[in-house]
2 protein chains.
Amino acid sequence: MSTTLNIQAEIIPNISVDCVIFGFDKNSKSLNVLLIERFLKLEDSEVPAVNDYVLRGFHTFENETIDDTANRVLKELTGLEHLYKKQFKVFGDPNRLKNEKDIIWAENEHFNRRTITIAYYVLLPTDAFQLENNPYKPKWFPVNQLPELGFDHQKIINEAYADLKEKVLHKPIVFELLADKFTIKELQDTFEAILGVEIDNRNFRRKLITKKYIIALDEKQTGVSKKPSQLYMFSKDVYQKIYKESYLINI
Amino acid sequence: MSTTLNIQAEIIPNISVDCVIFGFDKNSKSLNVLLIERFLKLEDSEVPAVNDYVLRGFHTFENETIDDTANRVLKELTGLEHLYKKQFKVFGDPNRLKNEKDIIWAENEHFNRRTITIAYYVLLPTDAFQLENNPYKPKWFPVNQLPELGFDHQKIINEAYADLKEKVLHKPIVFELLADKFTIKELQDTFEAILGVEIDNRNFRRKLITKKYIIALDEKQTGVSKKPSQLYMFSKDVYQKIYKESYLINI
DNA sequence: ATTAATAAACGTTTTATAAACGCTATAATA
DNA sequence: TATTATAGCGTTTATAAAACGTTTATTAAT
């Protein structure tokens with residue numbers, strides 16, 4: 001690893017961070033996951049030994065917090081900082097890297113077979129950054145149509161998605177998947193894409209616009225060939241004030 | 001570490017698991033945390049160098065999953081298996097062990113100052129096991145009246161408690177803090193202790209007994225000097241059937 | 001036996017929210 | 001100026017929450 005990358009600090013060889021980056025594409029109304037290619041061609045072979053996709057991750061440095069590792073990985077991959085991220089689970093099974101390709105890959109990269117990885121998921125709109133000219137050649141895939149994945153990354157994504165589905169019902173995190181200014185319809189599309197359900201637009205609309213933390217702006221959509229819709233923003237401050245002592249037991 | 005304990009497998013020196021054990025005491029209606037004493041007297045001193053409380057934890061073995069580490073720690077401490085546990089966060093700040101006592105302790109125990117710990121919280125009724133003759137000399141403390149804590153364990157408990165408060169509103173985990181058979185009042189007491197609120201008994205009672213997964217037993221409380229109350233049980237099966245596709249957006 | 005004390009358990013009314021549906025309004029474009 | 005697609009408003013009904021009052025079953029004391 002240190003042979004291929006010039007790094008400024010010592011890595012902790014058995015601890016890494018992996019990031020499940022969820023992006024919502026409001027045009028295709030699709031919840032996507034950002035993956036990078038894992039490609040390895042050994043000298044003695046025509047066909048690649050490894051050719052699939054994985055999440056982007058990296059080892060933690062000796063002098064770094066886990067959150068900082070995640071921030072670093074995210075910055076390198078997307079160019080963005082201050083992204084919404086949730087550390088949701090550790091994957092530390094001694095047999096995480098079990099299939100043949102993983103073993104070939106791990107040997108080639110000389111990395112510790114007993115690495116425990118701390119997994120985060122991240123929420124952003126897919127258009128928050130550009131994929132072109134990105135050295136990692138990342139690609140968006142709809143969360144329900146993922147390609148073949150290396151390591152235990154399918155499992156990690158599954159668990160991230162389950163956590164997201166659950167959390168989105170109670171916490172105001174949908175907004176992280178949209179631009180600062182959004183329409184009610186986009187918000188509904190986002191919920192529908194995450195939860196895989198259909199929601200009545202009229203009831204949804206009413207429910208949302210009556211919330212005090214959903215604030216109508218003096219602005220409408222432009223560049224649409226239909227009735228342009230009202231833009232709204234989400235006020236985190238107002239939300240937190242209201243929900244500071246809300247404890248509706250809902251079991 | 002390996003000098004004091006005879007262990008059957010190699011530990012991973014920089015990875016540990018810590019368990020925040022929450023116990024509900026239905027008599028005192030108190031949500032408690034189980035702590036063990038951390039005590040060290042150096043040869044050259046009269047007063048102990050370290051004398052405070054910590055969570056129980058241990059390093060992960062080379063051939064062990066993280067969950068198994070937690071199970072092992074819990075079994076050793078409580079004698080119990082199959083406890084409800086939730087892996088809720090990793091604490092990996094390079095400066096986690098910052099105060100003087102932690103440094104003295106870490107040196108004495110020769111353990112890695114850059115240990116990342118994977119924290120779980122566990123739910124059980126305090127009377128699920130006995131404290132007497134326990135080699136770790138564990139003690140229950142009300143979650144809001146904790147003694148001086150070592151390492152970053154106050155922080156870990158705070159975050160565990162925050163997660164519990166949040167989770168208890170949406171997931172059927174209160175039942176883990178009670179015996180299999182419980183009264184509606186005990187259930188209410190548990191919610192009140194966790195959330196630190198008062199709940200109207202009449203509304204709470206009605207709400208709960210109409211749930212299909214709260215099942216009235218052919219049994220009443222005994223040994224009480226008041227009207228004995230009806231015992232109930234929680235059916236996980238029924239719960240899961242009902243809530244498989246519930247997605248009430250509640251932001 | 002009667003009564004007091006205590007918590008269990010049931011009931012009623014009001015208010016708020018959710019669900020299900022019909023209908024109107026506004027813009028770009030043809 | 002008509003078309004069309006989506007934005008956006010309205011109404012009614014069903015369900016659940018909130019805020020109370022009242023009754024009942026038990027033990028223990030008189």
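- Rounded to whole Å, the distance from OH on A:Tyr232 to P on D:dA7 is 11 Å.
- The side-chain contact (heavy atoms from CB on, under 4.5 Å) test applied to A:Gln130 returns A:Glu132, not counting sequence neighbours.
- A:Phe141 meets the ring-ring contact (aromatic ring centres under 6.0 Å, His included) test with A:Tyr53; sequence neighbours excluded.
- Going from atom CG of A:Leu248 over to atom C1' of C:dA18 covers 13 Å, rounded to whole Å.
- Going from atom CG of B:Asn27 over to atom P of C:dA7 covers 14 Å, rounded to whole Å.
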What side-chain donor-acceptor pairs closer than 3.5 Å can you find for residues 165-177 of chain A, not counting sequence neighbours?
unit_1, atom_1, unit_2, atom_2, d
A:Glu166, OE1, B:Lys171, NZ, 2.9
A:His170, ND1, B:His170, ND1, 3.2
A:Lys171, NZ, B:Glu166, OE1, 2.9

>> Would B:Phe129 and B:Leu124 count as a side-chain contact (heavy atoms from CB on, under 4.5 Å) here? Give the steps.
In response: CA-CA 9 Å; B:Phe129 69 99; B:Leu124 45 71; 4.3 Å; yes
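- When rounded to the nearest whole Å, the span between NZ of A:Lys227 and C1' of C:dA27 equals 8 Å.
- A:Glu186 meets the side-chain hydrogen bond (donor to acceptor under 3.5 Å, both in side chains) test with no other residue; sequence neighbours excluded.
- Over its full length, the helix from C:dA1-D:dT30 to C:dA30-D:dT1 turns its helical axis through 10°, comparing axes from the five pairs at each end and rounding to 10°.
- Of the residues in residues 198-222 of chain B, those placing a heavy atom less than 4.0 Å from an atom of DNA chain D are B:Asp200, B:Arg202, B:Asn203, B:Arg206, B:Lys207, in numerical order.
- Of the two residues near DNA chain C, A:Lys226 and B:Ser229, the one whose nearest nucleotide lies more 5' is B:Ser229.
- Among residue pairs with one or both ends in residues 119-129 of chain B, those qualifying as side chain to side chain donor-acceptor pair (under 3.5 Å) are B:Asp67-B:Tyr120, B:Tyr121-B:Asp163; sequence neighbours excluded.
- For the pair B:Gln230 CD and D:dT24 C1', the interatomic distance rounds to 14 Å; values are reported in whole Å.
- For the pair A:Ile249 CD1 and D:dA16 C1', the interatomic distance rounds to 15 Å; values are reported in whole Å.
- For A:Lys227, there are no salt bridge (charged side-chain N to carboxylate O under 4.0 Å, His left out) partners, not counting sequence neighbours.
- By the salt bridge (charged side-chain N to carboxylate O under 4.0 Å, His left out) test, A:Lys185 pairs with A:Asp189, sequence neighbours left out.
- Using a 30° and 60° split on the angle between ring planes, B:Phe88 and B:Phe91 fall in the perpendicular class, above 60°.
- Put simply, CD on B:Glu192 is 14 Å from C1' on C:dA7, counting in whole angstrom units.
- The NZ atom of B:Lys185 sits 8 Å away from the C1' atom of C:dA7 (whole-angstrom rounding).
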